Number of protein chains: 2
Amino acid sequence: MNKKKHRIILVEDSADLGYLLSEYLSMKNFEINWFINGISALKNLESNKYDLAILDITMPDMDGFSLAEQMKERFPELPFLFLSARSLKVDVLKGFYLGAVDYLKKPIDEEELVIRIENLLNRLNSEKRVEEDICHFKLGQFTFNSLNQELSFNDEIFHLTTKESELLHYLVLRQNMLCSHKDILIKLWGNNDYFNKKSLNVFITRLRKYLEKDSAISLDNVHSQGFILRIEK
Amino acid sequence: MNKKKHRIILVEDSADLGYLLSEYLSMKNFEINWFINGISALKNLESNKYDLAILDITMPDMDGFSLAEQMKERFPELPFLFLSARSLKVDVLKGFYLGAVDYLKKPIDEEELVIRIENLLNRLNSEKRVEEDICHFKLGQFTFNSLNQELSFNDEIFHLTTKESELLHYLVLRQNMLCSHKDILIKLWGNNDYFNKKSLNVFITRLRKYLEKDSAISLDNVHSQGFILRIEK
DNA sequence: AAGTCTATTAACTTTTCATTAAACATTATT
DNA sequence: AATAATGTTTAATGAAAAGTTAATAGACTT
């Protein structure tokens, strides 16, 4: 699954630096929109969503501080950081006072900028992350919740053990495909020795016992190859 | 309501700077514990909860990077930042790579340090608060007020202890979902060691005792995984 | 200083579950 | 057809995990 690009809005009046950063951050897989003044940036924000704003401070018309104030007022969800040559203590303090997530002093090393941004976005994102991994399956007449390790058939709920659930999960993801002993054992047991193969058979039997309630499902052996979870459609 | 002091653990081998920072941050209304090496800091973390760790890098015995690695492993909820005289790009990158929330170069202006810390903690907190704001629940036939730590069943009111309430709150927010030992322990105890797991079991038993009055509620164990608070609908 | 409240630790019992064993069945090879 | 290899199923085992109750120790109150 390919990760969604993070969107960054950059407000920087210097053509050189603006171009440089746009190019570099694009290369680093960010989607970046660059504006050379606050007015146009604010305009754009009305119809676009970003994950982060990077603001220069010294700019004609509207400086970065005023821009930040307006952004905070109108788009309070958007985190922003300052990137400025002004390194006086008073400026840094003002930046943070306004609620910046960081204050970086020019000249900034591009790699450091990227890793700071990545860290920042990861942290902001991870809070939002809900366990929406693939864990909920429809399996013929069954429902399988691999997170809770529950297999349901109508009203009945079977509480699977961890290994049962892991195995079923593995097979479901590869339904109607041959899964070799070797791959299963390596993935779920960490190696593929003789005794674990015996163990695998025991678990196959157990899963069959659950699944036999639905005749459209079968868990078949392919001699000396592996198993296939077949589901008729 | 008066704001709870934020707790900071400082690991810094220089007596001068350690003392200076301890004093200054205390004055700024932080509760700060200062350790002169990683070993003693790790030891202390086992039984104390902090909101932030500030780590020096150049230290005898265990350097700040190794310390950070171990902290990340054992106390993954604790955010940390580096405060170091090592300003080489490679060090900064390594610091962020390890997951630091910031990397500050000595000499650091105390005011800037404080405002950076305050901003950081504010952000970290506001992200957490989202779920902590919800404090009033209907739970089968029970009502649960996590703010007052009260669990009510008809006219009966059970006054829960802090830990009981925290645990129930955690589980209620994730009802009908498997909550792993690890996540519970890290969130509520700050780490996940053997003895806290024992402690968790004791609290599970207590909660069950309250909840058994409503047969539509069950607090089930999933062997070697965690617990599920199930509420029939 | 005594008393209360509460989290942790201890001591002990019960349950769970992956593995192993064993008996039997099927498929492949000679 | 005989033998070997592989697969199926049920049951036994033992170690780890979970449950329960009680004791302990530390913080806070009075």
Side-chain angles (χ1 to χ4, degrees), chain A residues 148-151 158-171 178-182 184-185 187-212 218-230, chain B residues 4-5 7 31 43-49 148-151 157-171 178-182 184-185 187-212 218-230:
Chain A
N148 290 2
Q149 304 183 181
E150 291 170 344
L151 181 66
F158 303 108
H159 298 282
L160 305 187
T161 71
T162 303
K163 268 261 148 55
E164 287 170 356
S165 176
E166 284 174 355
L167 178 56
L168 183 56
H169 188 252
Y170 186 95
L171 294 168
L178 174 63
C179 303
S180 72
H181 296 131
K182 180 168 152 276
I184 298 175
L185 287 173
K187 184 80 177 190
L188 269 64
W189 272 262
N191 59 40
N192 73 344
D193 72 18
Y194 175 77
F195 283 104
N196 288 333
K197 194 134 127 195
K198 291 273 160 196
S199 207
L200 169 58
N201 286 330
V202 173
F203 283 99
I204 292 288
T205 299
R206 293 203 186 132
L207 290 186
R208 282 187 184 134
K209 201 142 219 167
Y210 295 120
L211 298 171
E212 70 189 1
S218 65
L219 183 40
D220 303 334
N221 173 256
V222 177
H223 196 87
S224 57
Q225 298 297 311
F227 298 95
I228 299 184
L229 178 67
R230 283 188 225 273
Chain B
K4 222 184 92 192
K5 278 189 184 182
R7 291 170 52 87
E31 196 174 324
K43 186 101 189 147
N44 180 267
L45 280 167
E46 284 168 11
S47 46
N48 286 81
K49 265 188 95 170
N148 301 345
Q149 306 186 5
E150 286 173 349
L151 181 66
I157 297 181
F158 304 107
H159 298 278
L160 305 187
T161 71
T162 306
K163 268 263 146 54
E164 286 170 356
S165 176
E166 284 175 356
L167 178 56
L168 183 56
H169 187 251
Y170 185 95
L171 293 168
L178 174 62
C179 304
S180 71
H181 296 131
K182 182 168 151 277
I184 298 175
L185 289 174
K187 189 82 175 189
L188 269 62
W189 273 263
N191 62 39
N192 110 39
D193 73 19
Y194 175 77
F195 282 105
N196 288 332
K197 196 132 122 194
K198 293 267 158 198
S199 206
L200 170 58
N201 282 334
V202 174
F203 283 99
I204 292 287
T205 300
R206 293 204 185 130
L207 289 186
R208 282 189 184 133
K209 206 141 218 166
Y210 296 120
L211 298 172
E212 70 188 1
S218 65
L219 182 40
D220 301 334
N221 172 256
V222 177
H223 195 88
S224 71
Q225 299 298 311
F227 297 94
I228 300 183
L229 178 66
R230 288 202 167 85

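What's counted below: heavy atoms across the whole structure, side chains too, no hydrogens, waters or symmetry copies. Just so it is clear, the structure is predicted and the values come from calculations on it, not from any experiment. Throughout, protein chains are lettered first and strands after them, A, B, ... in sequence-line order, and every chain is numbered starting at 1.
Listed nucleotides: dT6(C), dT20(C), dA10(C). Nearest to the side chain of T161(B): dT6(C). Checking dT9(D), dT6(D), dA7(C) against the side-chain heavy atoms of K163(B) singles out dA7(C) as nearest. In this structure, the nucleotide among dA7(C), dA18(D), dT20(C) sitting nearest to the side chain of F203(B) is dA7(C). If you check dA17(D), dG19(D), dA11(D) against the side chain of V202(A), the one that comes closest is dA11(D). The side chain of T205(A) lies closest to dT9(D) when the candidates are dG19(D), dT9(D), dA7(C).
Each of E164(A) and T162(B) lies near DNA chain C, and the nucleotide nearest T162(B) is the one positioned closer to the 5' end. For H223(A) and N201(B), each mapped to the nucleotide of DNA chain D holding its nearest heavy atom, the one lying further toward the 5' end belongs to H223(A). In terms of position along DNA chain C, the nucleotide closest to N196(B) lies nearer the 5' end than the nucleotide closest to the other residue of the pair N196(B) and V222(B).
Between the D193(B) side chain and the N196(B) main chain, a donor and an acceptor come within less than 3.5 Å of each other.
Using a 4.0 Å cut-off, some side-chain N or O of H181(B) falls inside it from OP1 or OP2 of dA18(D). For dT8(C), one of the phosphate oxygens OP1 or OP2 lies less than 4.0 angstrom from a side-chain nitrogen or oxygen of W189(B). Contact check, K209(A) against dT9(D): no side-chain N or O comes under 4.0 Å of OP1 or OP2.
Here the OH atom belonging to Y170(A) is positioned 12.5 Å from the CG atom belonging to L229(A), to the nearest 0.5 angstrom. Put simply, CG on L211(A) and CG on L151(A) are 6.0 Å apart, with the number rounded to the nearest 0.5 Å. One finds the NZ atom of K163(B) at 11.5 Å from the CZ atom of R206(B) (value rounded to the nearest 0.5 Å).
Just one of V222(B), L178(B), L200(B) meets the side chain to side chain contact (heavy atoms under 4.5 Å, CB included) condition when paired with F227(B); it is L200(B).
Spacing between atom CD of E166(B) and atom P of dA7(C) amounts to 9 Å, rounded to whole angstrom units. Between Q225(A) atom CD and dA5(D) atom C1' the separation is 14 Å, expressed in whole Å. One interatomic measurement links the two molecules: CD of E212(A) to P of dT8(D), which rounds to 14 Å at whole-angstrom precision. Put simply, CG on L219(B) is 13 Å from P on dA18(D), counting in whole angstrom units. Taking atom CG on L207(B) and atom C1' on dT21(D), their separation rounds to 16 Å, with Å as the unit. The distance between atom CZ of F195(A) and atom P of dA21(C), rounded to the nearest whole Å, is 6 Å. In this structure, K197(B) atom NZ and dA10(C) atom P are separated by 17 Å, rounded to whole Å. I204(A) has its CD1 atom 15 Å from the C1' atom of dA18(C), to the nearest Å.
Contact annotation for Y194(A): no contact, since no heavy-atom pair falls under 4.0 Å across all strands. Nucleic acid contact for N221(A): sugar-phosphate only, since backbone atoms but no base atoms lie under 4.0 Å from a heavy atom of the residue. Contacts of S199(B) with the nucleic acid, taken as non-hydrogen atoms under 4.0 Å apart, include base atoms. Using a 4.0 Å heavy-atom distance criterion, H159(B) is classed as making no nucleic acid contact.
Judged by the 6.0 Å and 45° rule, K197(A) forms no cation-pi pair with W189(A).
Judged by atom type and distance alone, R206(A) reaches the base of dT19(C) through a side-chain donor-acceptor pair under 3.5 Å.
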